[in-house]
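This is a predicted model, so every value here is computed, not measured.
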Amino acid sequence: VDISLRYGTLSDTLYAGILRLDNSNLNILRKTNITTPGLMTILINRADDDQPWVESSTRLRGTSVDRVYVSNNDLSIYPGLTSTVDQSMDAETAAAPAGFNTERLNPRSNCGQDGPTVRTAVHPDGTVYAIYFRWTACTASPYTSDIVVVRDDNWASGASPYTDLLDTGDGMAGVLVTTGVSIPWSQLGTQRIGSQAAIAVDPSDSDIVYIAWADGTAANYTIHVRRSVDRGVTWSADLRTASPATNPGLAINTLGRVGFFYQQLTGTAPNERWETHFEYTDDAFTTAPTDLTLADVPDQNGSYIYSNPIGDYANVIALGKNFYGVFAANNTPD
């Protein structure tokens with residue numbers, strides 16, 4: 001139902017986080033050699049979860065180990081502080097559950113749950129960032145939310161992970177990048193919206209981190225891109241916006257080039273269309289970025305009966321100087 005996957009950055013081990021179609025359970029999965037037949041090993045199996053998102057990094061110090069982070073919205077503890085990372089400091093070979101433990105990101109009160117989208121970004125020096133929606137009102141659309149970024153400086157391996165970045169206002173873990181934003185739990189064209197975010201850290205400098213999130217009204221759902229150059233302590237104003245748009249993605253390559261992915265609704269009903277864009281900048285959007293249109297398709301469901309024909313999220317990553325991505329694009333009529 002939901003799925004994301006990553007290889008260990010140096011190992012050949014493949015990790016996945018999925019919601020199973022048969023029972024909607026969260027499964028965290030591993031395959032040490034995908035060239036051999038057989039199913040992936042189930043490391044974690046848990047009910048009542050949403051949007052598992054996998055990041056991994058191979059730590060080199062003596063024997064290399066895969067450190068794996070599966071961020072998700074753990075609704076099994078509803079009502080509660082549901083922004084969660086299930087993580088393992090050595091996931092490659094150990095028997096299930098392969099060292100996975102569950103960490104909660106939100107230390108503040110919420111309306112019973114946080115937003116479905118929780119994302120992490122892992123730097124090779126051990127810095128781990130995460131972004132989440134702290135929902136403060138969610139009885140009726142539009143919801144009200146804070147956008148929060150947390151950080152850990154040692155692989156999130158200590159006794160109190162994700163507490164190295166404190167807000168200057170309330171002194172609690174996680175900087176409130178912005179507060180009280182409006183989150184429409186609604187439709188943009190035929191696509192459902194309400195919880196879209198992304199985060200990326202510069203592989204050459206863990207002080208530099210970019211985030212993107214979407215808020216606003218159903219008709220003017222806007223993606224905001226901001227940057228911190230001091231490890232998340234302070235944040236820029238909007239460097240880039242896209243509206244009405246959804247499904248942001250961010251990645252930074254080894255040259256410091258920033259890639260920004262989004263899907264934008266254009267035209268007027270009943271002839272609206274989804275344009276999929278990938279932009280890149282070498283100067284933090286000071287000048288106009290280079291914009292590549294990857295798809296331009298009708299906003300029609302065709303035979304698809306659900307309310308997310310282009311998916312609830314997309315993804316872009318950087319490997320070396322190259323960018324790779326994946327997204328859904330409606331092929332109606334064919």
Side-chain angles (χ1 to χ4, degrees), residues 2-6 17 50-56 69-73 83 85 105 114-123 127-134 145-151 174-175 177-178 181 183 188 191 193-203 206 208-216 221-228 232 235-236 238-253 256-264 276-281 284-285 289 291-292 294 308 310-319 323-328:
D2 287 351
I3 182 170
S4 72
L5 50 84
R6 291 288 188 278
D50 201 9
Q51 279 203 31
W53 190 266
V54 182
E55 298 289 349
S56 67
Y69 305 82
V70 184
S71 53
N72 59 88
N73 193 35
S83 294
V85 179
L105 301 183
D114 300 312
T117 302
V118 186
R119 299 288 185 261
T120 56
V122 184
H123 192 275
T127 302
V128 184
Y129 292 95
I131 183 173
Y132 66 89
F133 290 87
R134 176 202 174 207
S145 182
D146 300 339
I147 308 301
V148 188
V149 173
V150 297
R151 191 190 80 229
V175 163
V177 178
T178 187
V181 299
I183 304 295
L188 183 58
Q191 174 69 24
I193 54 173
S195 185
Q196 279 73 36
I199 188 168
V201 59
D202 190 327
S206 63
I208 301 174
V209 57
Y210 282 72
I211 60 172
W213 80 90
D215 63 30
Y221 196 52
T222 301
I223 299 172
H224 308 261
V225 178
R226 295 188 183 183
R227 176 182 68 158
S228 173
W235 290 88
S236 69
D238 288 350
L239 302 177
R240 181 78 175 89
T241 60
S243 179
T246 188
N247 291 352
L250 288 169
I252 308 173
N253 73 6
R257 174 170 287 176
V258 178
F260 170 41
F261 174 98
Y262 60 94
Q263 294 179 289
Q264 187 168 27
T276 297
H277 290 265
F278 178 72
E279 300 180 352
Y280 61 86
T281 177
F285 299 97
D291 181 12
L292 306 175
L294 306 182
N308 57 342
I310 60 169
D312 289 327
Y313 50 82
N315 189 35
V316 61
I317 64 173
L319 292 175
F323 293 96
Y324 300 85
V326 61
F327 63 93

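Smallest separation of non-hydrogen atoms from Ala198 and Pro248: CB-O, 3.7 Å. Closest heavy-atom contact between Thr222 and Ser243: OG1-OG, 3.1 Å. In terms of heavy atoms, Pro289 sits closest to Glu279 at CG-OE1, 3.3 Å. Across every non-hydrogen atom of Ala130 and Thr120, the tightest pair is CB-CG2, 3.9 Å.
At least one side-chain heavy atom of Thr246 sits under 4.5 Å from a side-chain heavy atom of Ile310. No side-chain heavy atom of Val201 sits under 4.5 Å from any side-chain heavy atom of Val122. Side-chain contact between Gln196 and Ile223 is absent, with no heavy-atom pair separated by less than 4.5 Å. Using a 4.5 Å cut-off on side-chain heavy atoms (C-beta onward), Pro203 and Ile252 make contact. With a 4.5 Å cut-off on side-chain heavy atoms, Phe260 and His277 do not count as touching. Counting heavy atoms from C-beta on, the side chains of Val209 and Ile199 come closer than 4.5 Å. When side chains are defined from C-beta on, Val149 counts as touching Ile211, because their heavy atoms get closer than 4.5 Å. Using a 4.5 Å heavy-atom threshold, the side chains of Leu5 and Val54 count as separate.
Between the side chains of Glu55 and Trp53, at least one donor N or O lies within less than 3.5 Å of an accepting N or O.
Side chain of Gln263 to main chain of Ala328: a donor-acceptor pair is present (N/O by atom type, distance under 3.5 Å, no hydrogens or angles). Between the Ser145 side chain and the Arg134 main chain, a donor and an acceptor come within less than 3.5 Å of each other. The backbone N or O of Leu294 lies less than 3.5 Å from no partner atom in the side chain of Thr276, so there is not a single donor-acceptor pair. For Ser71 (side chain) and Val118 (main-chain N/O), a donor-acceptor pair under 3.5 Å exists by modelled atom type. Counting only distance, with no hydrogens or angles, the side chain of Thr117 and the backbone of Ala197 share no donor-acceptor pair below 3.5 Å. Asn253 places a side-chain N or O within donor-acceptor distance of the main-chain N or O of Gly256, the cut-off being under 3.5 Å. Side-chain N or O atoms of Asp2 include one that pairs as donor or acceptor with a backbone N or O of Gln51 at under 3.5 Å.
If you take OH on Tyr129 and OG on Ser206, they are separated by 5.5 Å, rounding to the nearest 0.5 Å. For the atom pair OG of Ser195 and CD1 of Ile183, the computed distance is 7.5 Å after rounding to the nearest 0.5 Å. The distance from the CZ atom of Arg226 to the CH2 atom of Trp235 is 9.5 Å, given to the nearest 0.5 Å.
Considering Tyr324, Tyr280, Phe327 in turn, Phe327 is the only one that fulfils the ring-ring contact (aromatic ring centres under 6.0 Å, His included) rule with Phe261.
Every residue was checked against the salt bridge (Lys or Arg N to Asp or Glu O under 4.0 Å) condition with Asp50, not counting sequence neighbours, and none meets it.
Ring pair Trp213/His224 is parallel by interplanar angle, where below 30° counts as parallel and above 60° as perpendicular.
For the pair Arg119 and Tyr313, the cation sits on the ring face: its NZ or CZ lies under 6.0 Å from the ring centre, inside 45° of the axis.
Centroid-to-centroid, the aromatic rings of Phe323 and Phe278 come within less than 6.0 Å.
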